[in-house]
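Shown next, in structure tokens, is the structure this report addresses.
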Protein chains: 2
Amino acid sequence: MTLKDLARELGVSTASVSNAFNRPDQLSRELRQHILSEARRMGYPGPDARARMLRTGRSRIIAVVLAETLTYSLNDAVSSELLTGVTEVLDAHGHTLLLLSGRQPGSRQMPASSSMADGFIVYGLMPDDHMMSELPAHRPLVAVDFHINGRPTVHIDNEPASWAITRHALRHPPKRVGIVCLRLSATPHNGRLTAGHDWLSAQSTITRSRLDGCFRALEDHGLNRDDIPLWNIEENTHAVCAPVIEEILNLPPDQRPDLLLCMSDRIALTALTLAEQRGIRVPEDLRLTGFDGIEEGQYRAPRLTTVRQDSIEKGRMAARMVLGLDTPSDRLLNTSLLIGETCP
Amino acid sequence: MTLKDLARELGVSTASVSNAFNRPDQLSRELRQHILSEARRMGYPGPDARARMLRTGRSRIIAVVLAETLTYSLNDAVSSELLTGVTEVLDAHGHTLLLLSGRQPGSRQMPASSSMADGFIVYGLMPDDHMMSELPAHRPLVAVDFHINGRPTVHIDNEPASWAITRHALRHPPKRVGIVCLRLSATPHNGRLTAGHDWLSAQSTITRSRLDGCFRALEDHGLNRDDIPLWNIEENTHAVCAPVIEEILNLPPDQRPDLLLCMSDRIALTALTLAEQRGIRVPEDLRLTGFDGIEEGQYRAPRLTTVRQDSIEKGRMAARMVLGLDTPSDRLLNTSLLIGETCP
DNA sequence: CTGTTAGCGCCTTCAT
DNA sequence: ATGAAGGCGCTAACAG
């Protein structure tokens with residue numbers, strides 16, 4: 001049953017049927033009602049989306065391209081919030097969401113279906129440049145949390161935020177500071193970072209900007225960045241964080257940091273849980289700061305001291321720009337300090 | 001730049017270009033290489049997904065229709081796991097994921113773009129029957145966690161699992177049992193359930209089956225179901241759970257349950273957090289059981305005693321059936337008991 | 001206000 | 001192994 005069939009059955013032209021569905025002002029109210037009710041009665045489900053897409057060149061689909069795997073992104077609170085903001089705007093404007101990932105286990109290519117999206121929101125630096133190049137060059141594209149040449153970006157003030165929370169933490173002078181980074185090293189590595197490890201640039205990883213903020217605050221307090229031990233974590237999940245955190249907490253008490261600056265809430269929460277299990281008191285024996293401000297860190301005792309970033313709003317902004325509701329431009333969102341009990 | 005343009009430029013037929021991309025066996029290796037490399041050089045991005053879709057009738061897109069809002073689903077651990085399993089299979093077979101929700105704030109209609117999916121996975125009972133009827137009737141569809149007439153279903157053994165965990169909890173006789181349900185009442189309600197509230201059927205809500213399992217175990221122990229206080233929660237989020245849990249924990253100690261059977265881990269975790277904040281000791285003063293087995297409940301101390309369901313596997317099964325890799329049929333997944341410290 | 005018509009870009013027989 | 005041609009279902013321009 002196609003539009004044409006229906007038109008023939010009803011004895012009207014295909015244009016009238018099409019207009020009945022798409023352009024109410026182009027035909028009389030009665031004819032429109034007649035067509036719509038007959039369509040329903042005869043089981044015509046409305047114009048085929050595929051044909052309509054070909055004809056109009058628009059799909060009302062926006063693709064979100066995630067730098068991480070879908071598995072990770074769907075289970076990560078920050079990515080989920082971003083998607084929440086995106087879908088909120090898309091829904092409100094009759095668009096739907098196609099999820100793509102740039103870090104597929106198997107393939108090195110975008111699925112062909114990606115080319116049917118009307119626009120793209122790219123979240124995080126893609127592991128593979130050439131996947132980016134497969135995206136249609138002339139359609140709207142917004143980058144989130146990193147930079148793409150000539151494209152609008154939505155991001156947050158990582159360096160100042162990190163400086164601010166570190167400064168707060170240093171109000172109470174620590175004996176030993178440690179920093180746990182998220183994917184800072186150029187080559188994958190879980191554990192202590194030594195002089196032999198190269199670092200990614202601030203362009204490539206948000207952790208680098210956050211680290212720069214930490215260092216600036218530490219040096220404001222007369223500490224030397226080279227004296228601060230760093231650990232690196234490749235994926236922001238409990239399973240990957242736990243062994244590295246254990247390595248830190250298992251240090252002898254006179255070497256173990258009593259202030260641990262974590263580049264994400266997930267890292268900080270893992271540290272909190274493992275510290276509790278070992279009888280290390282937070283904040284008395286170990287003070288902890290996070291980054292992100294996810295719910296899980298606030299709906300518990302002690303609450304995490306962290307930087308709150310509004311990922312939902314990031315998603316909304318990106319979606320509004322990609323839909324052309326806001327003029328494309330670089331946007332910088334502010335963050336706020338959340339003082340919990342892990343580092344009062 | 002279209003396929004036809006490219007063919008003309010190269011002086012070959014459109015069929016050859018098409019075959020170069022889709023049917024390597026239909027032309028010589030050299031010609032194919034020539035066409036592909038020239039295409040890349042000239043910036044032809046490959047056959048247009050929209051036109052291909054119209055022509056072939058297939059989009060390589062599978063839609064997941066979520067009964068809850070996208071915002072909720074993306075932030076809920078169980079839904080996220082389901083999506084993880086779905087995407088794992090879709091990725092492996094070159095399909096992509098379109099996310100739809102049956103509980104949109106605004107509209108009562110499926111977006112038209114939904115009709116381009118090759119198949120549908122419907123997760124949870126839709127709030128509105130008529131949205132279901134908008135889905136193309138003749139395409140593959142798999143229901144998850146509830147039943148649709150004539151369609152294959154993937155679900156878990158809610159009643160026996162709930163019976164088993166309740167039986168475990170009753171090994172240590174409680175003074176007062178309480179049960180916290182998830183969307184059991186026919187009309188929305190957050191708080192204590194009284195005789196005036198109608199219940200949804202076991203067909204409509206998984207909480208009902210779980211409750212039946214609880215009751216069976218309680219009656220095995222000589223308890224009367226009418227003596228057990230029930231509370232209801234409409235949405236499985238901390239924000240919605242917290243006030244109801246507070247109401248329970250604020251009861252005078254001689255009325256407050258010392259065993260709380262929660263129909264989800266989120267509910268149990270909220271109870272755990274709020275109990276800790278009030279100095280109510282778990283499990284000494286209050287024993288807690290959950291349902292789902294989400295990570296957050298296991299990566300903490302005390303760990304949740306709960307029923308582990310493998311939502312990732314549910315997603316995989318649904319995806320394999322909708323892609324036609326497995327023959328469509330009803331599948332029942334087993335669960336397992338996870339004994340943590342909240343109810344040893 | 002209604003009807004006719006020309007493609008949107010591609011795939012796939014069929015003939016060569 | 002290659003080329004020509006029809007049509008997938010629809011919309012928008014135009015003619016009436």
Side-chain angles (χ1 to χ4, degrees), chain A residues 1-36 38-39 42-61 94 111-118 136 138-139, chain B residues 1-36 38-39 42-61 94 111-118 136 138-139:
Chain A
M1 162 79 69
T2 71
L3 184 146
K4 196 188 284 181
D5 297 334
L6 182 63
R8 188 162 13 78
E9 292 288 332
L10 299 186
V12 300
S13 76
T14 59
S16 292
V17 178
S18 176
N19 286 332
F21 281 97
N22 302 315
R23 304 167 55 174
D25 53 316
Q26 295 296 304
L27 73 177
S28 66
R29 177 168 300 283
E30 305 82 49
L31 180 58
R32 179 170 135 91
Q33 285 310 323
H34 174 64
I35 291 174
L36 292 180
E38 284 299 288
M42 299 179 57
Y44 174 67
D48 179 86
R50 306 189 250 242
R52 191 216 292 262
M53 258 172 61
L54 177 59
R55 178 61 231 231
T56 63
R58 297 186 320 121
S59 58
R60 300 183 81 77
I61 287 177
S113 49
S114 68
S115 78
M116 102 189 120
D118 290 342
H138 55 291
R139 289 188 218 163
Chain B
M1 162 77 69
T2 72
L3 185 147
K4 195 189 285 182
D5 298 334
L6 181 63
R8 187 164 10 79
E9 293 287 332
L10 298 186
V12 300
S13 77
T14 59
S16 293
V17 178
S18 175
N19 286 332
F21 281 96
N22 301 313
R23 302 167 55 173
D25 53 317
Q26 294 297 305
L27 73 177
S28 67
R29 178 168 299 283
E30 306 81 49
L31 180 58
R32 181 169 134 89
Q33 285 310 325
H34 174 64
I35 291 174
L36 292 181
E38 284 299 289
M42 298 178 59
Y44 174 67
D48 179 86
R50 306 187 251 242
R52 194 219 291 267
M53 259 173 58
L54 177 59
R55 178 58 230 233
T56 63
R58 295 186 322 121
S59 58
R60 300 185 81 78
I61 288 177
S113 49
S114 69
S115 78
M116 105 188 116
D118 291 343
H138 55 290
R139 291 190 215 160

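Chain naming here is simple, since letters A, B, ... match the order of the sequence lines and numbering starts at 1 in each.
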Legend entry - Over 12 non-hydrogen atoms of neighbours within 6.0 angstrom of CZ in A/Arg139: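 Yes, because the 6.0 Å sphere around CZ of A/Arg139 holds more than 12 heavy atoms from other groups.
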
Inset, instruction - Using a heavy-atom cut-off of under 4.0 Å over every strand shown, decide if B/Phe21 touches base, sugar-phosphate, or nothing. - result: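 B/Phe21: no heavy atom of the nucleic acid under 4.0 Å.
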
Inset, instruction - Give one of base, sugar-phosphate or nothing for A/Asn19, where a contact means two heavy atoms less than 4.0 Å apart. - result: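 Result for A/Asn19 = nothing.
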
Inset, instruction - Would you check if the side chain of A/Ser115 reaches a backbone N or O of B/Asp48 as a donor-acceptor pair within less than 3.5 Å? - result: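 Flag not set: sc A/Ser115 to bb B/Asp48 has no pair under 3.5 Å.
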
Closest approach to the side chain of [X], judged atom by atom: which nucleotide of [options] is it?
X: A/Leu27; options: C/dT2, D/dT11, D/dT2; result: C/dT2
X: B/Thr56; options: C/dG9, C/dC11, C/dG3; result: C/dC11
X: A/Tyr44; options: D/dC10, C/dT4, C/dG9; result: D/dC10
X: A/Asn22; options: D/dT11, D/dT2, C/dC10; result: D/dT11
X: A/Ala51; options: D/dT11, C/dT12, D/dG9; result: D/dG9
X: A/Asp48; options: C/dT2, D/dT2, D/dG9; result: D/dG9

Inset, instruction - For C/dG9, take OP1 and OP2 only and decide whether either is under 4.0 Å from a side-chain N or O of B/Thr2. - result: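 Checking C/dG9 against B/Thr2, no side-chain N or O comes under 4.0 Å of OP1 or OP2.
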
Inset, instruction - Please determine if a side-chain N or O atom of B/Arg23 lies less than 4.0 Å away from the OP1 or OP2 oxygen of C/dT12. - result: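 Yes, within the criterion.
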
Legend entry - side chain to side chain contact (heavy atoms under 4.5 Å, CB included) assessment of B/Val12 paired with B/Leu6: CA-CA 9 Å; B/Val12 300; B/Leu6 181 63; over 6 Å; no

Inset, instruction - Could you check A/Ala49 against B/Gly11 and say which one's nearest nucleotide on DNA chain D is further toward the 5' end? - result: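 Here B/Gly11 is the residue nearer the 5' end.
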
Inset, instruction - Could you check B/Asp25 against A/Lys4 and say which one's nearest nucleotide on DNA chain D is further toward the 5' end? - result: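 Between the two, 5'-proximity favours B/Asp25.
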
Inset, instruction - Supply the atom-to-atom distance B/Ser18 OG to B/Arg23 CZ, rounded to the nearest 0.5 angstrom. - result: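 Rounded to the nearest 0.5 Å, the OG-CZ separation comes out at 7.5 Å.
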
Inset, instruction - Mark yes or no for a side-chain to base donor-acceptor pair under 3.5 Å between B/Arg55 and D/dC8, with no hydrogen or angle criteria applied. - result: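 For B/Arg55, whose side chain was compared with the base of D/dC8, there is no donor-acceptor pair (under 3.5 Å).
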
